[in-house]
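Throughout, protein chains are lettered first and strands after them, A, B, ... in sequence-line order, and every chain is numbered starting at 1. Values below: all heavy atoms of this structure, side chains included; hydrogens, waters and symmetry mates excluded. Values in this document were obtained by computation on a predicted structure and should not be read as measured data.
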Amino acid sequence: MPETNNNLVRIRDLHFSRGRSKIFNGIDIDIPRGKVTAIMGPSGTGKTTLLKLIGGQLKPEKGTIHFHGENIPAMKTKKLYDVRKKMGMLFQSGALLTDMSVFDNIAFPLREHTDLPEVMIRDLVLMKLQAVGLRGARDLSPSQLSGGMARRVALARAIALDPEMILYDEPFTGQDPISMGVLVELIRSMNDALELTSVIVSHDIQETLAIADQIYILSQGKIVGHGSPHEMNQSDSPWINQFVHGEADGPVPFHYPASSYKDDMLSGR
Amino acid sequence: MFDWFAQIGKNAIEFYARLGKEVLLFIQTLLAFVPLVLRPGLIVQQIYSVGVRSMLIIIVSGFFVGMVLGLQGYNTLVDFGAEESLGVVVALSLVRELGPVVTALLFAGRAGSALTAEIGLMKATEQLSGLEMMAVNPVDRILAPRLLAGIISMPLLAAMFSAVGIFGGYLVGVDLLGVDEGSYWSQMQAKVDFDQDIVNGVIKSFVFGVVATWIAVYEGYTCIPTSEGVSRATTRTVVYSALVVLGLDFLLTALML
Ligand SMILES: Nc1ncnc2c1ncn2[C@@H]1O[C@H](COP(=O)(O)OP(=O)(O)OP(=O)(O)O)[C@@H](O)[C@H]1O
Ligand SMILES: [Mg+2]
């Protein structure tokens, strides 16, 4: 796609299933360059799956995912790996390499992909660690970190190569109010200062509304809402309202698809 | 009835699809050896954990197997008054058969199971996914160095096994049972042929190294990423390696005799 298009990622008619359950049933998403895009939705709707599709780790059944105008599912392995150098991903689980220290984990992508001298790698790593407030934890091993700390180390690693786009899978989960504030600030300021494109998957409505430029709400394989945080707050769509205000009743189901509760309880007799 | 046929067909197709994938992965891993030349550090690190750390069990086992061979061989040979040939018997059994085979079995139990568990856990904890997203191919970075380290280590471990075993046989035969020291060594020297015996043994241990390490690495990489999946994959590694090594041993022996 030519440069006139301002979308870094352009998803069209995406279909994806896990076994018999349809995770995505024809969704369209645009992720504009230089903006923070938030993907929200109930647990189990496929937000993590969406990030993995963008990263080329899963292949859709149908549909296209264009990154820089090139269709990710159609890429050859080598090309895909080249494209991934331009993406950073923060995994929900952290996914740190357990056989090396925090320092080496963050140095890892630099050592793999650059020929920088060790002194410079050290400086870069310490800068990233300082940004997430864990410079003092550099010699710990991943097993010695708490969940929130591990996620911040993973964040530092995701930004180590200065990617063009960062995919954050639940960056705020397990953070205390202080680190939460710092992370919100960090994500926003990195996005603006480095002209990154950020995609955030999160359940933390207030934090997400505070930093996102636009929001997509997913539910049951479809996009049920899309717009700026302001539009979201004002929206009269029952889907969006329920989600943004965290109500139990409404069109967005809290339960994983199942037969009726009463039937289920009685059928055991 | 037709369902039954259809099922056979389906199973066959699935089997060949899996086999095809495995062969492709194997070729990819072999191709990844080439760039590894530039990063000897990775290989050395793996040789340490796969090979060096297996040395103790290999050496101790080799010693005992050698001593048993000395005892058994002496008891049989002495009936024919041929106990002078004990050195040949011990050396040939070790170099041609027991060295490569027993080393491979121990290797599968010691290093193979560890490899499968390590890679399987990396998969279960999304470390492999993490590598992929950092644009580092796990085939190049995780599988290839481990496979290469296993292939390098196995023949060396088998050689150690045989050497220690020959020494064990010497202790029992010469020091304990009174076989003449000169004939123990000189007969061995005269009868053990380099091309016929030593090279055969090395070829075997090389093949076993490829097979046992590949099974370990493959099972880990393709396991179901749960605790149970990893535990099953580890068991499979040991069982498959043992079966394949023993089967191949027969085949190779028949070919090389
Ligand atoms: N490896 C897998 N095999 C089969 N089904 C899976 C697998 N991973 C996820 N799923 C299913 O896919 C659906 C979407 O999962 P996903 O992890 O993308 O959800 P999510 O939106 O990220 O949820 P959460 O907010 O809880 O992280 C879930 O219903 C889950 O049951
Ligand atoms: Mg998720």
Side-chain angles (χ1 to χ4, degrees), chain A residues 48-49 51-58 72 75-100 104-115 142-143 150-151 153-161 163-169 199, chain B residues 17 21 24-32 34-36 38-50 53 114-146 149 220-222 224-227 230:
Chain A
T48 301
T49 309
L51 296 189
K52 291 201 165 169
L53 282 161
I54 297 177
Q57 295 196 302
L58 297 172
I72 289 183
M75 282 176 189
K76 290 255 164 49
T77 312
K78 174 139 190 345
K79 174 83 192 160
L80 186 60
Y81 275 95
D82 281 342
V83 165
R84 281 181 186 155
K85 285 183 199 162
K86 300 182 194 155
M87 302 180 184
M89 174 139 159
L90 171 66
F91 280 76
Q92 202 164 1
S93 61
L96 296 173
L97 297 167
T98 46
D99 61 349
M100 38 178 104
D104 290 331
N105 258 288
I106 298 168
F108 185 84
L110 296 166
R111 289 180 179 147
E112 289 290 320
H113 294 307
T114 68
D115 294 323
S143 59
R151 205 170 295 240
V153 173
L155 174 60
R157 186 178 70 174
I159 57 178
L161 275 180
E164 276 177 50
M165 174 171 80
I166 308 188
L167 309 168
Y168 302 93
D169 199 348
V199 180
Chain B
K21 276 199 190 133
L24 272 183
L25 186 63
F26 184 61
I27 294 172
Q28 275 170 16
T29 314
L30 290 186
L31 288 179
V34 180
L36 268 184
L38 297 176
R39 306 183 61 180
L42 280 181
I43 309 172
V44 171
Q45 198 186 345
Q46 288 308 319
I47 290 182
Y48 177 74
S49 71
V50 170
R53 288 169 149 220
L115 280 177
T116 306
E118 185 193 15
I119 298 176
L121 277 174
M122 289 183 90
K123 182 173 183 186
T125 54
E126 287 200 303
Q127 294 182 55
L128 296 184
S129 282
L131 286 176
E132 285 179 11
M133 284 311 296
M134 285 190 278
V136 174
N137 193 333
V139 174
D140 304 346
R141 187 61 171 65
I142 304 293
L143 302 197
R146 285 166 174 76
Y221 190 63
T222 55
I224 300 165
T226 59
S227 330
V230 174

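Taking CE of M134(B) as the start and NE2 of H113(A) as the end, the distance is 8.0 Å to the nearest 0.5 Å. From Q127(B), atom CD reaches atom CG of N105(A) across 8.0 Å, with rounding to the nearest 0.5 Å.
Residues of residues 118-126 of chain B that come closer than 4.5 Å to chain A, counting heavy atoms only, are M122(B), T125(B), E126(B), ordered by residue number. Taking non-hydrogen atoms and a 4.5 Å limit, the residue list of residues 137-146 of chain B in contact with chain A, ordered by number, reads N137(B), P138(B), R141(B).
Ranked by heavy-atom pairs under 4.5 Å with chain B, the list D99(A), L80(A), V83(A), T98(A) is led by T98(A). By number of non-hydrogen pairs under 4.5 angstrom with chain B, the leading residue of D82(A), L96(A), L161(A) is L96(A).
Within a 6.0 Å sphere centred on CG of L31(B), heavy atoms belonging to other residues, nucleotides or ligands number more than 12.
Considering every non-hydrogen atom in both Q57(A) and E132(B), the closest pair reads NE2-OE1, 2.9 Å. Shown here for G130(B) and A95(A), the closest heavy-atom pair between the two residues is CA-CB, 4.4 Å. Smallest separation of non-hydrogen atoms from M133(B) and L167(A): CE-CD1, 4.5 Å.
By the ring pair (Phe, Tyr, Trp, His ring centres under 6.0 Å) test, Y48(B) pairs with no residue at all, sequence neighbours left out. Every side-chain contact (heavy atoms from CB on, under 4.5 Å) that R111(A) has, sequence neighbours left out, goes to F103(A), D104(A), A107(A), E118(A), I121(A).
Counting heavy atoms from C-beta on, the side chains of R84(A) and V136(B) never come closer than 4.5 Å.
Interface remark: K86(A) contributes no atoms to any contact with chain B (heavy atom separation under 4.5 Å). Contacts between M89(A) and chain B at a heavy-atom distance below 4.5 Å involve the side chain alone, from C-beta outward.
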